[in-house]
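Predicted model only: the values in this text are computed from it and were never measured.
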Amino acid sequence: MSKQPEMVTALYYRAARKNDTNLNLDNQMYQLLSYAQQHGIDSFVLYADTGVSGLTLDRPSLASLWAHIRARRVKQVIVASVDRISRNTLDSLQFVDAAAKYGAAVISIRKGGGPLAESEIFSAIRSLVKGGEQK
């Protein structure tokens with residue numbers, strides 16, 4: 001019987017503007033690594049996209065992360081804030097929901113460090129979206 005690969009925590013960060021990319025990325029990386037250390041997370045993979053707008057989901061590291069989520073190799077994705085996934089709230093919500101279907105929680109450290117799928121703001125958005133579908 002083959003051994004299942006160990007699931008890891010993904011630390012994802014993104015900076016769009018080229019003029020402050022290094023500082024912004026360094027700050028996000030520091031926040032994510034500090035969070036991981038404080039929570040005893042020692043098995044993680046860093047994913048970083050630089051110089052790409054948060055208005056598109058077409059980013060190399062995000063695509064790699066998504067492939068690892070689909071392969072069920074990621075147990076949780078930690079971001080500094082949800083806008084690191086997307087500047088479009090609906091895209092962020094869809095990412096969170098899709099990741100959950102593959103067993104990966106998405107956690108924003110600026111929203112208290114809890115899974116985003118359970119946060120009040122995402123519950124409100126989800127009910128609005130579902131309400132709109134029923135009409």
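One hydrophobic cluster holds both Val106 and Val45 under the rule that ILVMFWY side chains link at heavy-atom gaps under 4.5 Å. Both Leu33 and Tyr35 are part of a single hydrophobic cluster, where members link through side-chain heavy atoms under 4.5 Å apart. Under the 4.5 Å side-chain contact rule for hydrophobic residues, Val77 and Tyr30 do not share a cluster. The hydrophobic clustering, which links ILVMFWY residues whose side-chain heavy atoms are closer than 4.5 Å, places Ile107 and Leu46 together.
No donor-acceptor distance shorter than 3.5 angstrom exists from the side chain of Ser61 to the backbone of Tyr47, with no hydrogens or angles considered. Using modelled atom types, no side-chain atom of Arg84 and backbone atom of Ile78 make a donor-acceptor pair closer than 3.5 Å. With hydrogens and angles disregarded, no donor-acceptor distance shorter than 3.5 Å links the side chain of Asp49 to the backbone of Arg14. Side chain of Ser92 to backbone of Ser86: a donor-acceptor contact under 3.5 angstrom is found.
To the nearest 0.5 angstrom, Met7 atom CE is 10.5 Å from Ser43 atom OG. Here Tyr102 contributes atom OH and His68 contributes atom NE2; the two are 14.0 Å apart, rounded to the nearest 0.5 Å. Rounding to the nearest 0.5 Å places OG1 of Thr9 at 3.5 Å from CD of Gln76. Rounded to the nearest 0.5 Å, atoms CG (Leu65) and CZ (Arg70) are 10.0 Å apart. We find the CZ-CD1 distance between Phe95 and Ile69 to be 4.0 Å, quoted to the nearest 0.5 Å. Atom CG of Asp83 is separated from atom CG of Asp91 by 13.0 Å, given to the nearest 0.5 angstrom.
Summarising the geometry of Asp58 relative to Val52, their closest heavy-atom pair is O-CG1, 4.1 Å, with the distance given to 0.1 Å. Here the closest heavy-atom approach between residue Ile85 and residue Leu57 is recorded as O-CD2, 3.7 Å. In this structure, Gln28 and Ala80 approach most closely via the heavy-atom pair CG-CB, 4.3 Å.
Taking the six-membered ring wherever Trp is involved, the centroid distance between the rings of Tyr12 and Trp66 does not fall below 6.0 Å.
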